[in-house]
Amino acid sequence: MNEDIKNPNAGRDTNPDPITGEPGSHPIATGVGAAGAGAAGAAVGTMVAGPVGTVVGAVIGAVAGGLGGKAVGEAIDPTAEDNYWRETHSTQPYAKESGADYDAYAPAYRTGYEGRQSATNQSFEDAEPELRTAYQSTSAKISWDKAREATRAAWTRVKNGDAVRLSRAE
């Protein structure tokens, strides 16, 4: 990696998920999502099934809202990631080998960092068929075989907690 490129998340707590250990658990975002959806679930449950519905609706809403809030707290900043890969692309072994410029690889990087966000419990290999399909639906200039390692690099950056996030619970 180019040492001149600073990682905006360097030195920050990766907020590991208490269950999986994966980086990126955001307690404030998760809590806000849980509280808001729990209240909405309670209101709906009350209208449908009275007091018992209130309790059941609150629990179901809190779980769903917590997951939604966690996803918002983990959102990757696509502009920052695009800038990171634009600046470091030329240092990547696959870029040196192919000689292709950043613009040729941009869809591969985007496929990697966006794909990891939606497949957090999968390995790259398990998610590869969907990633390949997503990549091939772009206006990519290079084949999947050449783009695969760039996609993996962006995927791994997100997995390791190095990607720039839109919001962070401090």
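Position 1 is the first residue of the sequence; numbering continues from there.
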Got a sec, which pairs hit salt bridge (charged side-chain N to carboxylate O under 4.0 Å, His left out) with one end in residues 89-112, sequence neighbours left out?
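Found Arg86-Asp103.
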Under the rule for salt bridge (charged side-chain N to carboxylate O under 4.0 Å, His left out), what residues qualify as partners of Asp77, not counting sequence neighbours?
none
Check for a donor-acceptor pair, side chain of Arg116 on one end and backbone N or O of Gln122 on the other, with a separation under 3.5 Å.
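Flag set: sc Arg116 to bb Gln122 pair under 3.5 Å.
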State whether the side chain of Gln117 and the backbone N or O of Ile76 hold a donor-acceptor pair below 3.5 Å, judged by distance alone.
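At least one qualifying donor-acceptor pair exists.
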Minimum heavy-atom distance [X]-[Y], with the two atoms named:
X      : Y      : value
Tyr113 : Pro78  : OH-O, 3.6 Å
Ala163 : Val158 : CB-CG2, 3.7 Å
Leu131 : Gly115 : CD2-CA, 3.7 Å

Could you state the interatomic distance from CH2 (Trp85) to CZ (Arg157), rounded to the nearest 0.5 Å?
6.5 Å
Who are the side chain to side chain donor-acceptor pair (under 3.5 Å) partners of Ser98, not counting sequence neighbours?
Tyr105
Among all residues two or more places apart in sequence or in another chain, which pass the side chain to side chain donor-acceptor pair (under 3.5 Å) test with Ser139?
none
For residues 140-153, which residue pairs qualify under side-chain hydrogen bond (donor to acceptor under 3.5 Å, both in side chains), counting only residues two or more places apart or in two chains?
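Only Glu125-Arg152, Glu128-Trp144, Glu128-Arg148 qualify under side-chain hydrogen bond (donor to acceptor under 3.5 Å, both in side chains).
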Test side chain to side chain contact (heavy atoms under 4.5 Å, CB included) applied to Thr138 - qualifying residues, sequence neighbours left out:
Pro107, Tyr135, Ala140
List in chain and number order the residues that pass side chain to side chain contact (heavy atoms under 4.5 Å, CB included) with Ala95, two or more places apart in sequence or in another chain; answer none if no residue qualifies.
His89, Gln92
Are Tyr84 and Asp162 close enough that some pair of their side-chain heavy atoms sits under 4.5 Å apart?
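A side-chain contact is absent here, since even the closest heavy-atom pair is not under 4.5 Å.
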